[in-house]
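Below: the structure, in C-alpha coordinates.
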Amino acid sequence: MILPIIMAGGSGTRLWPLSRGNYPKQFLKLHGENTMLQETISRLNGLEHSPVMLICNEEHRFIAAEQVRQLDVKHSGIFLEPVGRNTAPAIALAAFKAIENNEDPLLLVLAADHVIEHQAAFLESVEKATSLAQQGKLVTFGIVGTTPETGYGYIKRGEAVENGFVVNSFVEKPDLSTAKQYIASGDYYWNSGMFLFKASRYLEELKAFRPDIYSACEKAVEVQNSDMEFVRVDKDAFEACPDESIDYAVMEHTQDAVVVPMDAGWNDVGGFAALWEVSEKDENGNAFIGDVKSVDTKNTLVFGEDKLVSTVGVEDLVIVNTKDAVLVAHKNESQKVKEIVNQLKRDQRSEVTFHREVYRPWGKYDSVDNGERFQVKRITVKPGAKLSVQMHHHRAEHWIVVSGTARVHLDGEERFVTENESVYIPITSVHALENPGKVDLELIEVQSGSYLGEDDIVRFEDRYGRVK
(Lines give C-alpha, C1' and ligand atoms only; values in the text may rest on other atoms or scores of the structure.)
Protein backbone atom coordinates (compact mmCIF):
# COMPACT_ATOMS: atom_id res chain seq x y z
CA MET A 1 0.00 0.00 0.00
CA ILE A 2 1.17 3.54 -0.75
CA LEU A 3 1.41 5.97 2.16
CA PRO A 4 1.60 9.55 0.87
CA ILE A 5 3.96 11.77 2.88
CA ILE A 6 3.25 15.44 2.26
CA MET A 7 6.01 17.86 3.22
CA ALA A 8 4.30 21.06 4.32
CA GLY A 9 7.21 22.95 5.83
CA GLY A 10 9.09 25.86 4.27
CA SER A 11 8.58 29.61 4.17
CA GLY A 12 8.24 30.50 0.47
CA THR A 13 10.05 33.82 0.89
CA ARG A 14 10.23 34.49 -2.87
CA LEU A 15 6.46 35.00 -2.84
CA TRP A 16 6.46 37.71 -0.17
CA PRO A 17 4.22 39.56 0.68
CA LEU A 18 1.70 36.82 -0.16
CA SER A 19 3.74 34.15 1.58
CA ARG A 20 5.05 34.90 5.08
CA GLY A 21 6.57 33.06 7.99
CA ASN A 22 3.32 32.40 9.81
CA TYR A 23 1.33 31.64 6.64
CA PRO A 24 3.60 30.39 3.82
CA LYS A 25 2.67 29.58 0.24
CA GLN A 26 1.60 25.97 0.75
CA PHE A 27 -1.42 27.25 2.69
CA LEU A 28 -2.40 29.88 0.10
CA LYS A 29 -4.83 29.71 -2.83
CA LEU A 30 -2.45 30.47 -5.68
CA HIS A 31 -3.66 28.10 -8.41
CA GLY A 32 -7.15 26.69 -8.44
CA GLU A 33 -10.02 26.81 -5.97
CA ASN A 34 -8.13 25.20 -3.09
CA THR A 35 -4.91 25.95 -1.29
CA MET A 36 -1.72 24.35 -2.55
CA LEU A 37 -1.76 21.83 0.30
CA GLN A 38 -5.36 20.93 -0.45
CA GLU A 39 -4.59 20.58 -4.17
CA THR A 40 -1.73 18.20 -3.31
CA ILE A 41 -4.05 16.00 -1.25
CA SER A 42 -6.87 16.09 -3.80
CA ARG A 43 -4.44 15.14 -6.56
CA LEU A 44 -4.22 11.66 -5.02
CA ASN A 45 -7.88 10.89 -5.84
CA GLY A 46 -7.87 7.85 -8.10
CA LEU A 47 -4.77 6.33 -6.48
CA GLU A 48 -5.19 3.50 -4.00
CA HIS A 49 -3.44 4.72 -0.89
CA SER A 50 -3.53 4.97 2.90
CA PRO A 51 -4.62 8.25 4.52
CA VAL A 52 -1.94 10.89 4.00
CA MET A 53 0.65 11.76 6.62
CA LEU A 54 1.63 15.42 6.90
CA ILE A 55 4.91 16.86 8.12
CA CYS A 56 4.91 20.52 9.06
CA ASN A 57 6.34 23.04 11.48
CA GLU A 58 4.94 23.36 14.98
CA GLU A 59 3.73 26.91 14.32
CA HIS A 60 1.66 25.83 11.31
CA ARG A 61 -0.07 22.85 12.91
CA PHE A 62 -3.53 24.34 13.27
CA ILE A 63 -3.52 25.76 9.74
CA ALA A 64 -2.59 22.37 8.30
CA ALA A 65 -5.19 20.56 10.40
CA GLU A 66 -7.94 23.01 9.43
CA GLN A 67 -7.17 22.75 5.72
CA VAL A 68 -7.31 18.96 5.86
CA ARG A 69 -10.59 19.17 7.82
CA GLN A 70 -12.07 21.39 5.10
CA LEU A 71 -11.47 18.61 2.57
CA ASP A 72 -13.25 16.12 4.84
CA VAL A 73 -10.59 13.44 4.32
CA LYS A 74 -8.90 11.15 6.81
CA HIS A 75 -5.21 11.44 7.53
CA SER A 76 -2.58 9.32 9.28
CA GLY A 77 -1.42 12.09 11.57
CA ILE A 78 0.38 15.41 11.40
CA PHE A 79 4.05 15.09 12.33
CA LEU A 80 5.43 18.25 13.90
CA GLU A 81 9.07 19.15 13.40
CA PRO A 82 10.46 20.94 16.48
CA VAL A 83 12.89 22.71 14.14
CA GLY A 84 13.53 22.59 10.41
CA ARG A 85 16.20 20.06 9.44
CA ASN A 86 15.56 19.69 5.69
CA THR A 87 14.06 16.75 3.82
CA ALA A 88 16.31 13.79 4.74
CA PRO A 89 15.48 13.92 8.49
CA ALA A 90 11.81 14.78 7.89
CA ILE A 91 11.33 11.75 5.64
CA ALA A 92 13.20 9.61 8.18
CA LEU A 93 10.67 10.56 10.87
CA ALA A 94 7.83 9.48 8.56
CA ALA A 95 9.62 6.24 7.66
CA PHE A 96 10.21 5.27 11.29
CA LYS A 97 6.56 6.00 12.04
CA ALA A 98 5.43 3.96 9.02
CA ILE A 99 7.22 0.77 10.13
CA GLU A 100 6.12 0.91 13.78
CA ASN A 101 3.48 -1.80 13.40
CA ASN A 102 5.71 -4.19 11.42
CA GLU A 103 4.41 -2.72 8.18
CA ASP A 104 6.53 -1.53 5.29
CA PRO A 105 4.48 0.72 3.00
CA LEU A 106 5.67 2.52 -0.08
CA LEU A 107 6.24 6.14 0.85
CA LEU A 108 5.12 8.60 -1.82
CA VAL A 109 6.95 11.78 -0.82
CA LEU A 110 5.36 14.97 -2.15
CA ALA A 111 5.89 18.68 -1.60
CA ALA A 112 2.77 20.59 -0.56
CA ASP A 113 3.56 23.67 -2.66
CA HIS A 114 3.87 22.41 -6.24
CA VAL A 115 1.46 22.85 -9.13
CA ILE A 116 0.66 19.81 -11.28
CA GLU A 117 -1.84 20.65 -13.98
CA HIS A 118 -2.43 17.15 -15.38
CA GLN A 119 -3.58 14.83 -12.62
CA ALA A 120 -3.98 11.77 -14.84
CA ALA A 121 -0.37 12.02 -16.05
CA PHE A 122 0.82 12.41 -12.46
CA LEU A 123 -1.06 9.29 -11.33
CA GLU A 124 0.20 7.35 -14.34
CA SER A 125 3.81 8.08 -13.43
CA VAL A 126 3.23 7.05 -9.82
CA GLU A 127 1.65 3.78 -10.92
CA LYS A 128 4.57 3.09 -13.28
CA ALA A 129 6.99 3.65 -10.41
CA THR A 130 5.20 1.30 -8.01
CA SER A 131 6.70 -2.00 -9.20
CA LEU A 132 10.20 -0.51 -9.18
CA ALA A 133 9.73 0.69 -5.61
CA GLN A 134 8.40 -2.72 -4.57
CA GLN A 135 11.63 -4.23 -5.90
CA GLY A 136 13.61 -2.06 -3.49
CA LYS A 137 14.48 0.77 -5.86
CA LEU A 138 14.48 4.37 -4.67
CA VAL A 139 12.44 6.14 -7.32
CA THR A 140 12.58 9.84 -8.05
CA PHE A 141 10.32 11.52 -10.57
CA GLY A 142 12.04 13.47 -13.34
CA ILE A 143 10.05 16.22 -14.98
CA VAL A 144 10.16 16.23 -18.77
CA GLY A 145 11.57 19.71 -19.36
CA THR A 146 10.11 22.02 -21.96
CA THR A 147 12.49 24.97 -21.59
CA PRO A 148 16.14 25.36 -20.52
CA GLU A 149 15.46 26.32 -16.89
CA THR A 150 18.40 27.52 -14.82
CA GLY A 151 16.50 27.53 -11.53
CA TYR A 152 16.13 23.74 -11.26
CA GLY A 153 18.52 20.91 -10.54
CA TYR A 154 18.63 18.17 -13.18
CA ILE A 155 18.74 14.36 -13.24
CA LYS A 156 20.78 12.62 -15.94
CA ARG A 157 19.32 9.28 -16.93
CA GLY A 158 21.33 6.12 -17.59
CA GLU A 159 20.24 2.75 -18.95
CA ALA A 160 16.57 1.90 -19.24
CA VAL A 161 14.95 -0.29 -16.58
CA GLU A 162 11.28 -1.31 -16.77
CA ASN A 163 9.27 1.98 -16.69
CA GLY A 164 12.21 4.22 -15.92
CA PHE A 165 15.95 4.71 -16.08
CA VAL A 166 18.87 4.17 -13.77
CA VAL A 167 19.99 7.52 -12.39
CA ASN A 168 23.36 8.38 -13.89
CA SER A 169 23.87 11.53 -11.82
CA PHE A 170 22.23 14.47 -10.12
CA VAL A 171 23.30 17.81 -11.54
CA GLU A 172 23.23 21.21 -9.83
CA LYS A 173 21.45 24.21 -11.34
CA PRO A 174 23.20 24.93 -14.67
CA ASP A 175 23.89 28.13 -16.55
CA LEU A 176 21.69 28.89 -19.57
CA SER A 177 24.04 27.44 -22.16
CA THR A 178 24.37 24.17 -20.26
CA ALA A 179 20.62 24.02 -19.64
CA LYS A 180 19.98 24.30 -23.38
CA GLN A 181 22.34 21.35 -23.97
CA TYR A 182 20.52 19.31 -21.33
CA ILE A 183 17.09 19.88 -22.89
CA ALA A 184 18.34 19.26 -26.44
CA SER A 185 19.95 15.93 -25.49
CA GLY A 186 16.77 14.42 -24.06
CA ASP A 187 18.84 12.67 -21.38
CA TYR A 188 18.08 15.10 -18.56
CA TYR A 189 15.01 15.79 -16.45
CA TRP A 190 14.16 18.53 -13.99
CA ASN A 191 14.56 17.35 -10.42
CA SER A 192 11.04 17.44 -8.94
CA GLY A 193 11.84 16.49 -5.34
CA MET A 194 9.14 13.78 -5.41
CA PHE A 195 9.98 10.18 -4.48
CA LEU A 196 8.58 6.67 -4.07
CA PHE A 197 10.29 3.92 -2.07
CA LYS A 198 9.77 1.40 0.69
CA ALA A 199 10.10 2.90 4.14
CA SER A 200 12.60 0.21 5.13
CA ARG A 201 14.77 0.75 2.03
CA TYR A 202 15.05 4.46 2.67
CA LEU A 203 16.09 3.84 6.27
CA GLU A 204 18.62 1.19 5.18
CA GLU A 205 20.27 3.57 2.74
CA LEU A 206 20.13 6.48 5.17
CA LYS A 207 21.80 4.33 7.82
CA ALA A 208 24.49 3.31 5.33
CA PHE A 209 25.33 6.78 4.06
CA ARG A 210 24.30 9.09 6.90
CA PRO A 211 24.26 7.11 10.14
CA ASP A 212 24.32 10.37 12.11
CA ILE A 213 20.95 11.43 10.65
CA TYR A 214 19.57 7.92 11.07
CA SER A 215 20.56 7.72 14.73
CA ALA A 216 19.25 11.19 15.59
CA CYS A 217 15.86 10.48 14.00
CA GLU A 218 15.64 7.02 15.51
CA LYS A 219 16.23 8.53 18.94
CA ALA A 220 13.75 11.34 18.26
CA VAL A 221 10.85 8.97 17.47
CA GLU A 222 11.53 6.85 20.57
CA VAL A 223 9.77 9.57 22.57
CA GLN A 224 6.47 10.44 20.88
CA ASN A 225 3.78 12.64 22.34
CA SER A 226 0.39 12.57 20.63
CA ASP A 227 -1.77 15.65 21.10
CA MET A 228 -5.12 15.50 19.30
CA GLU A 229 -4.11 14.69 15.70
CA PHE A 230 -0.54 15.96 16.14
CA VAL A 231 2.54 13.82 16.75
CA ARG A 232 5.56 15.35 18.46
CA VAL A 233 9.00 13.79 18.79
CA ASP A 234 11.87 14.34 21.18
CA LYS A 235 12.95 17.94 20.59
CA ASP A 236 16.53 17.68 21.88
CA ALA A 237 17.26 14.58 19.81
CA PHE A 238 15.87 16.13 16.62
CA GLU A 239 17.65 19.44 17.17
CA ALA A 240 20.92 17.48 17.26
CA CYS A 241 20.18 16.06 13.80
CA PRO A 242 22.22 17.45 10.88
CA ASP A 243 20.44 19.62 8.31
CA GLU A 244 20.53 17.78 4.97
CA SER A 245 18.41 17.17 1.89
CA ILE A 246 17.45 13.69 0.74
CA ASP A 247 19.41 14.23 -2.49
CA TYR A 248 22.69 14.89 -0.71
CA ALA A 249 22.14 12.38 2.09
CA VAL A 250 20.88 9.38 0.12
CA MET A 251 19.94 9.74 -3.55
CA GLU A 252 23.39 10.82 -4.80
CA HIS A 253 25.04 7.83 -3.10
CA THR A 254 22.67 4.88 -3.43
CA GLN A 255 23.16 2.34 -6.22
CA ASP A 256 19.40 1.81 -6.43
CA ALA A 257 18.27 5.25 -7.60
CA VAL A 258 15.85 5.13 -10.53
CA VAL A 259 14.16 8.02 -12.32
CA VAL A 260 10.64 7.71 -13.77
CA PRO A 261 9.71 10.47 -16.24
CA MET A 262 6.71 12.66 -15.48
CA ASP A 263 5.12 15.00 -18.01
CA ALA A 264 2.27 16.47 -15.99
CA GLY A 265 2.49 20.26 -16.19
CA TRP A 266 4.67 20.51 -13.07
CA ASN A 267 5.79 23.83 -11.60
CA ASP A 268 7.28 24.45 -8.17
CA VAL A 269 5.97 28.06 -8.12
CA GLY A 270 9.33 29.21 -6.80
CA GLY A 271 8.64 32.89 -7.51
CA PHE A 272 6.26 35.37 -9.07
CA ALA A 273 7.44 34.67 -12.62
CA ALA A 274 6.49 31.02 -12.09
CA LEU A 275 3.15 32.06 -10.59
CA TRP A 276 2.46 34.18 -13.67
CA GLU A 277 3.28 31.20 -15.90
CA VAL A 278 0.72 28.90 -14.26
CA SER A 279 -2.00 31.55 -13.91
CA GLU A 280 -4.84 32.08 -16.37
CA LYS A 281 -4.02 35.02 -18.64
CA ASP A 282 -5.98 37.40 -20.85
CA GLU A 283 -5.28 38.21 -24.51
CA ASN A 284 -2.50 40.60 -23.46
CA GLY A 285 -0.71 38.02 -21.33
CA ASN A 286 -1.92 39.54 -18.05
CA ALA A 287 -2.79 37.48 -15.00
CA PHE A 288 -5.13 39.48 -12.78
CA ILE A 289 -6.28 38.20 -9.39
CA GLY A 290 -8.69 40.41 -7.46
CA ASP A 291 -10.21 43.76 -8.40
CA VAL A 292 -7.97 45.01 -11.23
CA LYS A 293 -8.50 47.58 -14.02
CA SER A 294 -5.87 48.10 -16.68
CA VAL A 295 -5.03 50.17 -19.76
CA ASP A 296 -2.19 49.32 -22.17
CA THR A 297 -0.83 46.64 -19.82
CA LYS A 298 0.96 43.51 -21.04
CA ASN A 299 2.46 40.33 -19.55
CA THR A 300 1.85 41.56 -16.01
CA LEU A 301 0.83 39.76 -12.84
CA VAL A 302 -1.41 41.72 -10.46
CA PHE A 303 -2.66 40.36 -7.15
CA GLY A 304 -5.13 42.66 -5.40
CA GLU A 305 -6.21 41.47 -1.99
CA ASP A 306 -8.55 44.09 -0.58
CA LYS A 307 -8.71 47.12 -2.85
CA LEU A 308 -8.87 48.18 -6.48
CA VAL A 309 -5.52 48.05 -8.31
CA SER A 310 -5.15 50.00 -11.57
CA THR A 311 -2.31 49.85 -14.11
CA VAL A 312 -1.60 52.09 -17.11
CA GLY A 313 1.08 51.59 -19.76
CA VAL A 314 3.16 48.94 -17.97
CA GLU A 315 4.64 45.64 -19.12
CA ASP A 316 6.34 42.63 -17.51
CA LEU A 317 5.60 43.73 -13.95
CA VAL A 318 4.60 41.98 -10.76
CA ILE A 319 2.26 44.04 -8.56
CA VAL A 320 1.08 42.53 -5.28
CA ASN A 321 -1.19 44.40 -2.92
CA THR A 322 -2.01 42.95 0.50
CA LYS A 323 -3.68 44.62 3.47
CA ASP A 324 -0.36 45.84 4.88
CA ALA A 325 2.23 45.74 2.08
CA VAL A 326 2.67 46.48 -1.64
CA LEU A 327 5.27 44.92 -3.93
CA VAL A 328 6.18 46.25 -7.40
CA ALA A 329 8.87 44.35 -9.30
CA HIS A 330 9.97 43.62 -12.83
CA LYS A 331 8.93 40.07 -13.63
CA ASN A 332 12.45 39.12 -14.70
CA GLU A 333 13.86 40.41 -11.39
CA SER A 334 11.18 39.02 -9.10
CA GLN A 335 13.51 36.37 -7.62
CA LYS A 336 15.23 39.23 -5.80
CA VAL A 337 12.17 39.59 -3.56
CA LYS A 338 14.15 37.40 -1.17
CA GLU A 339 16.55 40.33 -0.71
CA ILE A 340 13.64 42.48 0.48
CA VAL A 341 12.75 39.73 2.95
CA ASN A 342 16.32 39.74 4.24
CA GLN A 343 16.14 43.51 4.74
CA LEU A 344 12.89 43.14 6.68
CA LYS A 345 14.48 40.47 8.87
CA ARG A 346 17.46 42.73 9.62
CA ASP A 347 15.09 45.57 10.50
CA GLN A 348 12.99 43.18 12.62
CA ARG A 349 9.85 44.13 10.74
CA SER A 350 6.73 42.15 11.63
CA GLU A 351 5.64 42.07 7.97
CA VAL A 352 8.21 39.39 7.23
CA THR A 353 6.37 36.95 9.49
CA PHE A 354 2.82 38.12 10.04
CA HIS A 355 -0.03 39.07 7.78
CA ARG A 356 -2.41 41.69 9.08
CA GLU A 357 -4.92 38.84 9.15
CA VAL A 358 -3.73 36.11 11.51
CA TYR A 359 -5.21 32.61 11.73
CA ARG A 360 -5.71 30.80 15.03
CA PRO A 361 -7.16 27.34 15.80
CA TRP A 362 -10.40 29.02 16.93
CA GLY A 363 -10.71 31.35 13.91
CA LYS A 364 -8.81 34.50 12.93
CA TYR A 365 -8.28 38.17 13.65
CA ASP A 366 -7.54 41.20 11.49
CA SER A 367 -5.54 44.07 13.01
CA VAL A 368 -7.61 46.92 11.65
CA ASP A 369 -5.85 49.87 13.33
CA ASN A 370 -3.28 50.65 16.01
CA GLY A 371 -1.54 53.60 17.62
CA GLU A 372 0.06 54.64 20.88
CA ARG A 373 -1.65 52.69 23.68
CA PHE A 374 -4.48 51.26 21.52
CA GLN A 375 -5.15 48.54 18.96
CA VAL A 376 -8.33 47.54 17.11
CA LYS A 377 -9.00 44.01 15.84
CA ARG A 378 -11.83 42.36 13.98
CA ILE A 379 -12.16 38.86 15.45
CA THR A 380 -13.90 35.86 13.88
CA VAL A 381 -14.62 32.84 16.09
CA LYS A 382 -15.74 29.60 14.42
CA PRO A 383 -18.91 27.85 15.62
CA GLY A 384 -18.21 25.78 18.73
CA ALA A 385 -14.74 27.28 19.17
CA LYS A 386 -13.39 28.80 22.37
CA LEU A 387 -10.42 31.05 23.04
CA SER A 388 -8.19 30.15 25.96
CA VAL A 389 -8.99 31.12 29.55
CA GLN A 390 -6.48 33.94 30.00
CA MET A 391 -5.52 37.27 31.50
CA HIS A 392 -3.37 40.27 30.57
CA HIS A 393 -1.03 42.27 32.79
CA HIS A 394 -0.85 45.40 30.64
CA ARG A 395 -4.02 45.82 28.62
CA ALA A 396 -7.78 46.07 28.97
CA GLU A 397 -10.17 44.97 26.23
CA HIS A 398 -13.59 46.09 25.04
CA TRP A 399 -15.55 43.61 22.91
CA ILE A 400 -18.42 44.73 20.64
CA VAL A 401 -20.38 41.91 18.97
CA VAL A 402 -21.11 42.59 15.28
CA SER A 403 -22.89 39.32 14.44
CA GLY A 404 -23.62 36.08 16.24
CA THR A 405 -23.73 35.40 19.96
CA ALA A 406 -20.78 35.26 22.35
CA ARG A 407 -20.55 33.36 25.61
CA VAL A 408 -18.22 35.43 27.78
CA HIS A 409 -16.49 34.04 30.86
CA LEU A 410 -15.30 36.85 33.14
CA ASP A 411 -13.80 36.34 36.61
CA GLY A 412 -15.84 33.22 37.29
CA GLU A 413 -19.12 34.53 35.89
CA GLU A 414 -20.74 33.74 32.55
CA ARG A 415 -22.93 35.88 30.33
CA PHE A 416 -24.19 36.00 26.74
CA VAL A 417 -23.46 39.01 24.55
CA THR A 418 -25.38 39.42 21.28
CA GLU A 419 -25.31 41.78 18.29
CA ASN A 420 -24.78 45.47 19.13
CA GLU A 421 -23.95 44.60 22.74
CA SER A 422 -20.54 44.94 24.36
CA VAL A 423 -18.51 43.85 27.37
CA TYR A 424 -15.47 45.36 29.09
CA ILE A 425 -12.51 43.21 30.21
CA PRO A 426 -10.38 45.02 32.84
CA ILE A 427 -6.63 44.50 33.21
CA THR A 428 -5.78 41.22 35.08
CA SER A 429 -9.35 39.90 34.79
CA VAL A 430 -9.48 36.17 33.97
CA HIS A 431 -11.62 35.79 30.87
CA ALA A 432 -12.53 33.62 27.88
CA LEU A 433 -14.61 34.00 24.72
CA GLU A 434 -16.69 31.23 23.19
CA ASN A 435 -18.99 30.85 20.20
CA PRO A 436 -21.91 28.60 21.21
CA GLY A 437 -23.79 29.20 17.96
CA LYS A 438 -23.99 27.60 14.51
CA VAL A 439 -22.57 30.57 12.53
CA ASP A 440 -19.37 32.60 12.80
CA LEU A 441 -19.13 35.05 15.69
CA GLU A 442 -17.84 38.45 14.53
CA LEU A 443 -16.75 41.12 16.99
CA ILE A 444 -14.59 44.21 17.25
CA GLU A 445 -11.96 44.20 19.99
CA VAL A 446 -10.49 47.48 21.21
CA GLN A 447 -7.34 47.04 23.28
CA SER A 448 -5.90 49.80 25.44
CA GLY A 449 -2.91 49.83 27.71
CA SER A 450 0.81 50.35 28.11
CA TYR A 451 1.81 47.19 26.22
CA LEU A 452 -0.23 45.46 23.50
CA GLY A 453 2.05 42.63 22.39
CA GLU A 454 0.67 39.14 21.74
CA ASP A 455 3.02 37.77 24.40
CA ASP A 456 1.05 39.54 27.15
CA ILE A 457 -1.19 36.48 27.51
CA VAL A 458 -1.20 34.24 30.58
CA ARG A 459 -3.16 31.10 29.68
CA PHE A 460 -4.81 29.02 32.40
CA GLU A 461 -6.77 26.61 30.22
CA ASP A 462 -6.77 25.92 26.50
CA ARG A 463 -8.43 23.20 24.46
CA TYR A 464 -5.74 23.50 21.78
CA GLY A 465 -2.83 22.60 24.05
CA ARG A 466 -1.25 26.06 24.23
CA VAL A 467 -0.92 26.25 28.04
CA LYS A 468 2.73 26.10 29.05
Side-chain angles (χ1 to χ4, degrees), residues 7-32 35-37 39-40 84 86-87 110-117 143 145-154 172-176 178-179 182-183 190-194 245 247 264-281 285-290 292 297-305 309 311 314-322 325-345 349 351-353 355:
M7 315 285 285
S11 57
T13 54
R14 289 184 179 87
L15 288 176
W16 183 91
L18 295 180
S19 175
R20 307 194 193 185
N22 77 322
Y23 211 84
K25 71 172 183 176
Q26 58 268 28
F27 303 116
L28 300 175
K29 294 182 180 180
L30 297 179
H31 185 266
T35 69
M36 300 194 78
L37 170 61
E39 289 287 323
T40 304
N86 217 315
T87 53
L110 305 172
D113 57 357
H114 292 176
V115 167
I116 293 179
E117 296 182 337
I143 304 301
T146 55
T147 56
E149 293 287 341
T150 59
Y152 300 146
Y154 284 71
E172 296 293 334
K173 298 174 183 178
D175 58 29
L176 182 58
T178 304
Y182 289 168
I183 296 299
W190 297 338
N191 190 349
S192 71
M194 297 185 289
S245 72
D247 283 348
W266 174 90
N267 192 306
D268 72 345
V269 197
F272 284 110
L275 180 57
W276 172 80
E277 288 177 4
V278 300
S279 298
E280 184 177 345
K281 293 178 270 294
N286 298 311
F288 293 155
I289 303 169
V292 182
T297 298
K298 296 180 180 179
N299 301 322
T300 290
L301 171 67
V302 180
F303 192 104
E305 185 174 272
V309 178
T311 63
V314 300
E315 187 173 353
D316 293 325
L317 290 187
V318 170
I319 303 170
V320 180
N321 169 72
T322 67
V326 177
L327 169 73
V328 179
H330 194 282
K331 187 145 53 69
N332 295 339
E333 299 290 328
S334 59
Q335 290 287 345
K336 294 181 180 178
V337 168
K338 194 170 184 178
E339 297 178 19
I340 295 292
V341 173
N342 291 335
Q343 289 183 32
L344 295 174
K345 288 180 179 178
R349 295 286 297 262
E351 292 93 340
V352 74
T353 302
H355 285 276

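Since this is a predicted model, take the numbers as computed values, not measurements.
When every heavy atom of Ala274 is checked against every heavy atom of Asn267, the shortest pair comes out as CB-OD1, 3.4 Å. Contact detail for Pro24 and Ser19: the closest heavy-atom pair is CA-OG, 3.2 Å. The two residues Ser192 and Ile143 make their nearest non-hydrogen contact at CB-CG1, 3.6 Å. Shown here for Ala273 and Lys331, the closest heavy-atom pair between the two residues is CB-O, 3.9 Å. Smallest separation of non-hydrogen atoms from Ala179 and Thr150: CB-CG2, 4.4 Å.
The CZ atom of Phe303 sits 9.0 Å away from the OG1 atom of Thr322 when rounded to the nearest 0.5 Å. Here the NE2-CD distance, from His31 to Glu280, works out to 9.0 Å after rounding to the nearest 0.5 Å. Interatomic distance, CZ of Phe27 versus CG of Leu37, reported as 6.0 Å (0.5 Å rounding). Separation of atoms CD1 (Ile340) and NZ (Lys345) is listed at 13.0 Å; rounding is to 0.5 Å. Expressed to the nearest 0.5 Å, how far CD of Gln26 lies from CE of Met36 amounts to 8.5 Å. If you take CD1 on Ile289 and CG on Leu18, they are separated by 8.0 Å, rounding to the nearest 0.5 Å.
In summary, of the residues considered (Val302, Asn321, Ile319), a side-chain contact (heavy atoms from CB on, under 4.5 Å) with Val292 occurs for Val302 alone. The side-chain contact (heavy atoms from CB on, under 4.5 Å) test with Thr13 singles out one residue from Lys338, Lys25, Glu339, and that residue is Lys338. With Asp247 as the partner, the side-chain hydrogen bond (donor to acceptor under 3.5 Å, both in side chains) test is satisfied by one option alone out of Asn191, Thr87, Asn86: Asn191.
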Please step through side chain to side chain contact (heavy atoms under 4.5 Å, CB included) for the pair Leu30 and Leu15, ending with a clear verdict.
CA-CA 10 Å; Leu30 297 179; Leu15 288 176; 3.8 Å; yes
After noting the C-alpha distance and the side-chain angles of Met194 and Leu110, does the key distance pass the side chain to side chain contact (heavy atoms under 4.5 Å, CB included) rule?
CA-CA 5 Å; Met194 297 185 289; Leu110 305 172; 3.7 Å; yes
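Taking 4.5 Å as the limit, some side-chain heavy atom of Phe272 sits within range of a side-chain heavy atom of Leu327. For the pair Met7/Asp113, no side-chain contact is recorded, criterion being any heavy-atom separation below 4.5 Å from C-beta on. A heavy-atom distance below 4.5 Å is not found between the side chains of Glu277 and Thr147. The shortest distance between side-chain heavy atoms of Ile183 and Trp190 falls below 4.5 Å. Side-chain contact between Thr353 and Arg20 is absent, with no heavy-atom pair separated by less than 4.5 Å. Contact annotation: the side chain of Asp268 approaches that of His114 to within less than 4.5 Å [non-hydrogen atoms, C-beta and beyond].
One N or O on the side chain of Thr300 and one on the backbone of Lys298 form a donor-acceptor pair closer than 3.5 Å. Remark: the backbone N or O of Glu351 is paired with a side-chain donor or acceptor of Trp16 at under 3.5 angstrom. A donor-acceptor pair is defined here as one N or O able to donate and one able to accept, closer than 3.5 Å; such a pair exists between the side chain of Tyr154 and the backbone of Glu149. In this structure a side-chain-to-backbone donor-acceptor pair under 3.5 Å is present from Asn286 to Thr297.
A salt bridge links Lys336 to Glu333: one of the charged nitrogens lies within less than 4.0 Å of a carboxylate oxygen.
The environment of Lys281 atom NZ is dense: over 12 non-hydrogen atoms of other residues, nucleotides or ligands sit within 6.0 angstrom.
Classified by interplanar angle (parallel below 30°, tilted 30° to 60°, perpendicular above 60°), the ring pair Tyr23/His355 is perpendicular.
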